[in-house]
Every structure is written in C-alpha cells, then in structure tokens.
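Some notes on the structure that comes next.
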Amino acid sequence: MAKPPIYYTTPIYYVNDRPHIGHAYTSLATDVLARFRRLDGHEVFFLTGTDEHGQKVEKAAQDAGEDPQAFTDRVSQAFRDLTATMGFSNDDFIRTTEPRHKAACVALWKVLAERGEIYLGDYEGWYAVRDEAFYGPDELTERDGVKYAPSGAPVEWVREPSYFFRLGRWLPELLRRYDLPEGDPERIDIQPESRRNEVRAFIQQGLKDFAERPEKLDLSVSRTSFTWGVKVPGDEAHVMYVWLDALTNYITAAGYPDTTAPRWKFWPADVHFVGKDIVRFHTIYWPAFLLAAGLPAPRRVFAHGWWTNEGQKISKSLGNVIDPVALVEEFGLDPVRYFLLREVPFGQDGDFSRKALANRLNGELADALGNLANRTLSLIQRNCEGRLPAQGDPAVGAPLLGGVQALAGQVRERLDRQEFHLALEAIMASVREANGYITQEAPWALKKTDPVRMAAVLRALHDALRAYATLLQPFMPGSMAALLDQLGVPPDARDFAALAMPLPEGTPLPPPAPLFRKIDLAAA
Ligand code: MSP
C-alpha cells in the first residue's frame, strides 16, 4: 500500500535581518524529518521561504535607504543561500511578494468575506511593530513612560478603520479539536504538551473575560497606516494584516486556491515547525482562518525552544548573533547539524557553546562513530582483501546485531514525536555497544587464531555500521553518503527498506578514509 504523502513547513522568515542560528535551527529540524520520511518511502513536500510584507519589513527597508522590493529581494536571497549552506532539501522556497501568493491571499480573503467571517469596524489598541501583534492592556508593562509587550517589544496605541475576522466564534471549536484523541482526523495536535496547555489556558481565559461580548475576541486583519502588503480586495486603502498574509503561504505553496492542483494532495500540513514565540499565531489564528474558510486545519504544530549563546540571550544589540555560515566553515556542516539536534531536547531551550559543539564532534562523531568505521574498514581492507566477508555464524554477531535490528523502529518512533535527540541517543548507544564489541572480540588478534570468527565479527560490525549510516543520513547527509560509499552500499540500497536485505558477500570496498576532523579549540 502506498504511504501517505507528507507536508512539513518551516516558518517563513522575516527579511528585516540576516539569517542566524535560530532560523537555521527550525529549518534543520524540518529538513531532517523530511529526509527521514523520504527514506521511509513517503512522498514529501517540504516548504520554507520568506515573510516579506508588513510594517517591520517596510521600516527595515527605509532604514537601509532601499525600496522595499529591492530590499526584500536582497535579504530573501540570503535566506535562500542559507538553505544551500545548511544542506536543506526543501522542495519549494516561497516569497510572500510573489504573485502566486498574493493571489492566494486575495482568494482566501474573498471566501472569508463571502462567508461573513470578516467585517469592517474600527480598531483601537496596543500594537507592537516588532512582533506585528496586538496586545491587551493587562499584558503590558511600563518603563520610563513606554509600554512594553510581554516579548519586550515596545507597543504603540493605534486607532484606524480595520477589517475584523470573527475569531471569537471559532475558539470553542479549536478547544474541541485540541482535545480530540490521537488519530482523529480533526485533531489539532499542539506539541510539546506544555504549549498545548498554554494555548488552551489562553483561549479559556479569553472566553471567560469576554463571555458577554465575544466580538472583543475578534482579530483586526487589515491596516491603513502603511502600504507594504497585500491589498484588501475591493478596499485598497487597506493592506492585509501581515500574519494573515504570512500564514497563508502554507496553502499558497500547495496550490491554493486551485484545490485540483497536484500539490493540494499534501494539504493539510502534517507538521508546522515553529519557535515557541509564534505558537499562538499557528495554533489559534491559522486554524481559525482555515476552518472559517471551510478548509482542513493543520494536523500538528510543534514549537521548539530558543537558543542562548554561552548563557546569554541572542540579540543584535548584544552583538552575539551566531552566524550559521561561519559555524559551518569552522566545524563543518554535518557536525553543526548533528550538534543542534543532539545537544538539546527539541521543544526545550538550549545553550549554544563552541566547547559543547567541539565535545560532541570529537567524542561522538570522530571518536565513537568515526573510529568504529575506520577500525572496521581498515581491518576488512587488510585482512579480507578489501572484500565484504560473508555473514558467518549468527551466534557471533548476535550480541551486537540484536540491538541494531531494533534500531530503525526505535528511531522512527522517536521521530514520529519529533524527539530528535532521543533518536540520536539511541543510535549513539548502539555505536557505543559496537565499540565495546570490537574491543571484546579483538578481531585483529583473531586473524591467526580463528580467521572464520574474525570474518564473522567484521561482517557483523559492517552490518551495524551500514544501519547507523543509513539511519543517520537525514541528520548528516554528506558524511553518511561518504560512509555508505566506503561500506560499498550502492546508491539505490540506502533507504530504510533496503536495510532488510543483506549486502552480497564479496562486495569490493574502497580504501577507508576518516569521516570527521577533530577540532582542538585550545589550539585555534
Ligand atoms: N515571519 C514570522 C513567521 C511567519 S510564519 C507564517 C517570524 N519570523 S522570524 O524570522 O522572526 O522567526 C522565525 C523563526 O526563528 C521563529 O520560529 C523563531 O522562533 C526562530 N528563532 C528566532 N530566534 C531564535 C533563537 N534564538 N533560537 C531558536 N529559534 C529562534 O517569526
């Protein structure tokens, strides 16, 4: 039976700034899962892109003395370049200034208006340009006469005519969907659990506060105070609220409004990957817009945590922004990819440090995995004429291979829950076992005493390495391709199904070469 198609998205990134580690992180997690599913036989659509409208971007263009379109063209390119630097396998890169996207926004708006979900009123309230979000008076704090949102962004009082989306009426339905059992096609799954509880509590409080006047929960979805955005159909003094515009990208890329487009089969998204700061937009506004338009809501929103840099909050003003390009130059792409998902449980905050990165690279990649491969392959080269030995007496390999055979299933289970660090931990635990196995069996000493056993031991180690390399491909595509080359695994036998089929004995193996270069930070 064909496996279902899968759709994963990253947030689309604001082009007011250069890409940094936080952006690379969200996309990396998405990339790893996309690659994993492809290797597991799914057709995957992986989308990323840039969010180019709104007051914040307009202001950044002004500050740079550039026309907004020229400015966004330039900065968007930096994000596109990042996908190449980081080895992301996205199938599309969407820009909200593209005609296809503006058309989708206009179409969605019209459907919402026709269904009576949007109405014209007046907006008065506290707005933070930096967050492109409105806040209630009770959410604000005041310092030196300036009011601030919980995010730390300053807010200003705005008053203008505005279109409103009837958000309030959808809130009970959202709560119902969050609480549906796993597997229910209407369930909207918010992960981690703590975020789900936060969102539920937030909605419940709103419903309680405004029980008498539910229209208070409606959302202002247009602005007249600036022009850099998608114009509201039929009322061009208004541009659409940038979050309505931005969120729509996820269906634009699937072909909306043409629901007969080939890519529409991917909708609804299986996972929207987001940072914890933009959970509300993705779990409340977005599904409400979709349900109001009669469209299916996303299946899951997963919110990851934030990175600090050597214990400090990352910010431009502190000058401690981590440039992913520089990091990749210093440590190599795959060690950076590995580190980001290995070091911190996905969903929790984490601290970046060069020392921690170097430790993971040196200890786990170079010493544990790299040496295991090198020792095994060098011995096969030297003692087996560079050809893969036959699978010998099963009892010889059993202590190692019993665990290895269960590994694919364990990794899949963990990735089903976006537990990247646990998936890596499981593989690394097995690598450690394999290192114990090689030490204990000492195949280098068996050459003279028991060459049959030696061959069986080396074959078992080769089988284990093949499993590690295959399963680690999504995390470290470049170095695992190199390892699979060294293991003599043909390119068409690198997906997970192929793991069940043993490699033919006698397969010639090329001479091994080191996979990872250790870094000595003290010497740098
Ligand atoms: N444009 C909106 C998203 C619209 S999606 C329809 C946006 N863009 S952003 O460029 O500001 O942020 C994009 C992502 O980067 C967010 O998911 C955010 O959580 C993530 N990160 C920004 N700084 C981060 C860290 N220091 N650490 C981890 N992720 C961080 O929001």
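Residue numbers start at 1 and run along the sequence shown. All ligand and atom numbering here is 1-based and tracks the order in the structure.
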Geometry only, no angles: is [X] polar-contacting ligand 1 at N/O separations under 3.5 Å?
X	answer
Tyr14	yes
Gly275	yes
Asn249	no
Ile12	yes

Requested in this report: Report yes or no: is the cationic atom of Arg223 (NZ for Lys, CZ for Arg) under 6.0 Å from the centre of the six-membered ring of Tyr127, at an angle within 45° of the ring normal?
Outcome: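 Yes, Arg223 sits over the ring of Tyr127.
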Query - Sub-4.5 Å side-chain heavy-atom contact between Tyr25 and Phe273 - result: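 No - every pair of side-chain heavy atoms lies 4.5 Å or more apart.
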**Report entry** Side-chain heavy atoms of Arg200 within contact of Asp179, under 4.5 Å
**Finding:**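 SC-SC contact between Arg200 and Asp179 confirmed.
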Requested in this report: Could you check Tyr8 against Phe46 for ring pair (Phe, Tyr, Trp, His ring centres under 6.0 Å), going step by step and ending with a plain yes or no?
Outcome: CA-CA 5 Å; Tyr8 295 139; Phe46 164 18; 8.0 Å; no
**Report entry** Residues Arg176, Glu186; criterion salt bridge (Lys or Arg N to Asp or Glu O under 4.0 Å); working and verdict
**Finding:** CA-CA 9 Å; Arg176 186 186 74 84; Glu186 292 197 335; 2.6 Å; yes
So for [X], does at least one of its heavy atoms come nearer than 4.0 angstrom to any atom of ligand 1?
X	result
Trp243	yes
His304	yes
His20	yes

[X] heavy atoms, cut-off 4.0 Å: which ligand 1 atoms fall inside?
X	value
Trp307	25 (C), 26 (N), 27 (N), 28 (C)
Asp51	1 (N), 2 (C), 4 (C)
Gly305	28 (C)
Ala246	6 (C)
His282	5 (S), 6 (C)

Query raised in the report: Heavy-atom contacts under 4.0 Å between Tyr250 and ligand 1: side chain, backbone, both, or neither?
Result: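 The answer is the side chain of Tyr250.
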Query raised in the report: When Glu343 is tested against each of Arg337, Arg360, Arg354 for salt bridge (Lys or Arg N to Asp or Glu O under 4.0 Å), which residue passes?
Result: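 It is Arg360; the other options fail the test.
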Query raised in the report: Considering the options Arg196, Arg300, Arg417, which one meets the salt bridge (Lys or Arg N to Asp or Glu O under 4.0 Å) requirement together with Asp189?
Result: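 Option passing the salt bridge (Lys or Arg N to Asp or Glu O under 4.0 Å) with Asp189: Arg300.
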Query - Heavy-atom nearest neighbour in the protein, as seen from atom 14 (C) of ligand 1, with distance rounded to 0.1 Å - result: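 Residue, atom and distance for the closest contact: Tyr13 CE2, 3.8 Å.
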**Report entry** Protein residue, atom and distance nearest to atom 15 (O) of ligand 1, heavy-atom basis
**Finding:**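 For atom 15 (O) of ligand 1, the nearest protein heavy atom is His23 CD2, 3.7 Å.
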Query raised in the report: Does a donor on one side chain sit under 3.5 Å from an acceptor on the other, for His101 and Thr252?
Result: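 Yes.
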Query - Short side-chain donor-acceptor distance under 3.5 Å, Gln77 and Asp73 - result: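 There is no such pair (donor and acceptor under 3.5 Å, judged by atom type) between the side chains of Asp73 and Gln77.
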Query raised in the report: Taking the minimum heavy-atom distance to atom 18 (C) of ligand 1, which of Asn16, Asp277, Ile314, Thr50 ranks first?
Result: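 The nearest heavy atom belongs to Asp277.
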Query raised in the report: salt bridge (Lys or Arg N to Asp or Glu O under 4.0 Å) between Glu66 and Arg74: does it pass, once the steps are laid out?
Result: CA-CA 10 Å; Glu66 278 177 78; Arg74 182 167 63 75; 2.6 Å; yes
